[in-house]
Engineer: 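The following block contains the structure, expressed as structure tokens.
Counting starts at 1 for both ligands and their atoms, in listed order. Note that these values count all heavy atoms, side chains included, but never hydrogens, waters or copies made by symmetry.
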Amino acid sequence: MKCRTCGTKAAVNMRQHKLALCKQHFLEWLPEQTARFIKKYRMFGQHEKVLVAVSGGKDSLSLWDILHRLGYQADGLYLGLGIDEGIGYSDQSRRLTEQFARQRGLTLHVVDIRSTYGYDIPTLSALTHRGHNRPCAVCGVVKRHEMNRIARDLGYDVLATGHNLDDEVSVLLGNTFSWQVELMARQAPVLPAHDGLARKVKPLCRFYEKEMTAYALLRGIEYIYEECPFSAGSTTIYYKEMLNRLENDRPGAKLAFYLKFLEARESGLFQPPAEFAQPMYNCPSCGQLTQYEGRCSFCRMMEKAQSHS
Ligand code: AMP
Ligand code: FES
Ligand code: ZN
Ligand code: ZN
């Protein structure tokens, strides 16, 4: 297989795009495509302040690397979740994220959930969902709340996450199986800013997971290989495996499913009922927007944890 651009031996073969590229041209192609998507979906401009949520994984570290290479003003945010299971998941991912920032002289904000709120994610989960051993739901609420809080408090225009195509398509499939139209209406490469909430963007949403792995490896980015130990056996992983089988038989199927969804969404197929269109209330404790009147799910969860500890 030869590189389409220069004819030397290809390092990456992307059957889904009928495109093979050598290392150098792949490492140029991926940021060029990212820049194209940033403009196409009007994610942010050159003068806006971007906060990249970095987990220490290949996607978010690569995203930070790409934005930096493209000349954007992008700082990082790492959330210490206190997940000591596995190989010491949180400590390792923090170390790799800090190392990445240090080597490139980038600004990284670190927020440790345990020292900020008194509980790590497994403890918070045990205190609020007794009997369950799957802290992912609790973790999702905390991550979303903290990303929004830091972006707002530090005055960032945009919050960027490293979700790739495989992430987006597995969520989409889950939402489709259960016809969660409100969630589908809110699944997009860009969610506009709203009353103190920074705009949210996913610049990697059109890249296959294996493209991101190739980018991180070829760029020599040191990232955490392990998935979060609590993700084992999750529906998301099950859907990803299913989708990989489909993709194997029909290269391009995942991307086509996602792009057709975006088109359908754009044409108004998934309009949520008016009352769900935007969060409408401010949480009386933390001020963040909520869907329903009263305290937000994060504040309610913290209160429950305090009453059980
Ligand atoms: P996940 O929810 O683990 O699939 O991660 C999706 C995206 O959320 C990642 O690509 C990151 O941008 C962000 N993210 C996940 N975990 C963290 C973390 N501990 N700190 C900061 N950002 C994170
Ligand atoms: Fe939050 Fe796994 S990263 S539970
Ligand atoms: Zn080449
Ligand atoms: Zn709140």
Engineer: Would you please determine whether Val54 falls within less than 4.0 Å of ligand 1 on a heavy-atom basis?
Structural biologist: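 True for this residue.
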Engineer: Any salt bridge linking Arg102 with Glu98? Criterion: basic side-chain nitrogen under 4.0 Å from a carboxylate oxygen.
Structural biologist: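 Answer for the salt bridge query: no.
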Engineer: Looking only at N/O atoms, are Ala160 and ligand 1 under 3.5 Å apart anywhere?
Structural biologist: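 No, Ala160 has no N/O under 3.5 Å of an N/O on ligand 1.
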Engineer: How close does the nearest protein non-hydrogen atom get to atom 2 (Fe) of ligand 2, and which residue and atom is it?
Structural biologist: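 So the nearest neighbour among protein heavy atoms is Cys228 SG, 2.2 Å.
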Engineer: Hey, does Ser231 sit under 4.0 Å from ligand 2 if you only count heavy atoms?
Structural biologist: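 Distance cut 4.0 Å: Ser231 fails for ligand 2.
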Engineer: What I want to check is whether the side chains of Gln92 and Arg95 have a donor and an acceptor closer together than 3.5 Å.
Structural biologist: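 Yes.
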Engineer: Can you see whether Tyr223 engages Ser62 through a side-chain donor-acceptor pair at a distance of less than 3.5 angstrom?
Structural biologist: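 Looking only at side-chain atoms, Ser62 and Tyr223 do not form any donor-acceptor pair under 3.5 Å.
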Engineer: Rounded to the nearest 10°, what angle sits at the Zn ion (ligand 3) between SG of Cys6 and SG of Cys3?
Structural biologist: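 So the angle at the metal works out to 110°.
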Engineer: Which ligand 1 atoms are under 4.0 Å away from a heavy-atom of Thr161?
Structural biologist: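 Here the atoms of ligand 1 in question are 12 (O).
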Engineer: May I ask you to identify the nearest protein heavy atom to atom 9 (C) of ligand 1, giving residue, atom name and distance to one decimal place in Å?
Structural biologist: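 Answer, as residue, atom name and distance: Gly162 N, 3.9 Å.
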Engineer: Of all N, O or S atoms in His25, which has the smallest distance to the Zn ion (ligand 3)?
Structural biologist: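 Answer by atom name: ND1.
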Engineer: Non-hydrogen atoms of Leu81 versus ligand 1: any pair closer than 4.0 Å?
Structural biologist: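 For ligand 1, residue contact (heavy atoms, under 4.0 Å) with Leu81 is present.
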Engineer: Is the contact between Leu79 and ligand 1 made by the side chain, the backbone, both, or neither, using heavy atoms and a 4.0 Å cut-off?
Structural biologist: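 For Leu79, the contact with ligand 1 is made by both the backbone and the side chain.
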Engineer: Is atom CE of Met242 surrounded by more than 12 heavy atoms (other residues, nucleotides or ligands) closer than 6.0 Å?
Structural biologist: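 Count over threshold, so yes.
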Engineer: Do Gln33 and His17 pair up side chain to side chain, a donor and an acceptor below 3.5 Å, judged on atom types alone?
Structural biologist: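 Looking only at side-chain atoms, His17 and Gln33 do not form any donor-acceptor pair under 3.5 Å.
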Engineer: Below 4.0 angstrom from a heavy atom of Ser60, which ligand 1 atoms are there? Numbered from 1 as shown, please.
Structural biologist: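 Matching atoms, with element in brackets: 10 (O), 11 (C), 12 (O).
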Engineer: Parallel, tilted or perpendicular: which one describes the rings of His145 and Phe298, with boundaries at 30° and 60°?
Structural biologist: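 His145 vs Phe298 ring planes: parallel.
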Engineer: Taking 4.0 angstrom as the limit, do Glu209 and Lys58 come out as a salt bridge?
Structural biologist: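 Here Glu209 pairs with Lys58 in a salt bridge, since their nearest N and O are under 4.0 Å apart.
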Engineer: Which residue supplies the protein heavy atom nearest to atom 1 (Fe) of ligand 2, what is that atom called, and how far is it?
Structural biologist: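 Here the nearest protein heavy atom works out to Cys139 SG, 2.1 Å.
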Engineer: Where is the nearest protein heavy atom to atom 16 (N) of ligand 1: which residue, which atom, and how far?
Structural biologist: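 Sorting protein heavy atoms by distance from atom 16 (N) of ligand 1 puts Ser55 CB, 3.4 Å first.
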Engineer: So, Thr236 and Ser170: side-chain donor and acceptor under 3.5 Å apart, yes or no?
Structural biologist: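 There is no such pair (donor and acceptor under 3.5 Å, judged by atom type) between the side chains of Thr236 and Ser170.
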Engineer: Considering all protein heavy atoms, does one lie under 4.0 Å from atom 4 (O) of ligand 1?
Structural biologist: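 False for atom 4 (O) of ligand 1.
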Engineer: With atoms numbered from 1 as shown, which atoms in ligand 1 lie under 4.0 angstrom from a non-hydrogen atom of Leu77?
Structural biologist: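 Per the distance check, 21 (C).
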Engineer: Just checking Phe207 against Phe37, ring centres under 6.0 Å apart?
Structural biologist: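 Yes.
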Engineer: Given the protein's heavy atoms, is any one of them under 4.0 Å from atom 20 (N) of ligand 1?
Structural biologist: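 Within 4.0 Å of atom 20 (N) of ligand 1, protein heavy atoms are found.
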Engineer: Counting heavy atoms only, which of Lys143, Met147, Arg144 is nearest atom 8 (O) of ligand 1?
Structural biologist: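 Heavy atom nearest to atom 8 (O) of ligand 1 belongs to Met147.
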Engineer: For a side-chain contact (heavy atoms from CB on, under 4.5 Å) with Thr128, tell me which candidate from Lys304, Arg300, His308 qualifies.
Structural biologist: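 Of the listed options, the one satisfying the test is Lys304.
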Engineer: Tell me whether the count of non-hydrogen atoms from other residues, nucleotides or ligands lying under 6.0 Å of CZ in Arg42 goes above 12.
Structural biologist: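 No.
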Engineer: Closest non-hydrogen protein atom to atom 12 (O) of ligand 1, residue and atom name please, with distance?
Structural biologist: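 The closest one turns out to be Ala53 O, 2.6 Å.
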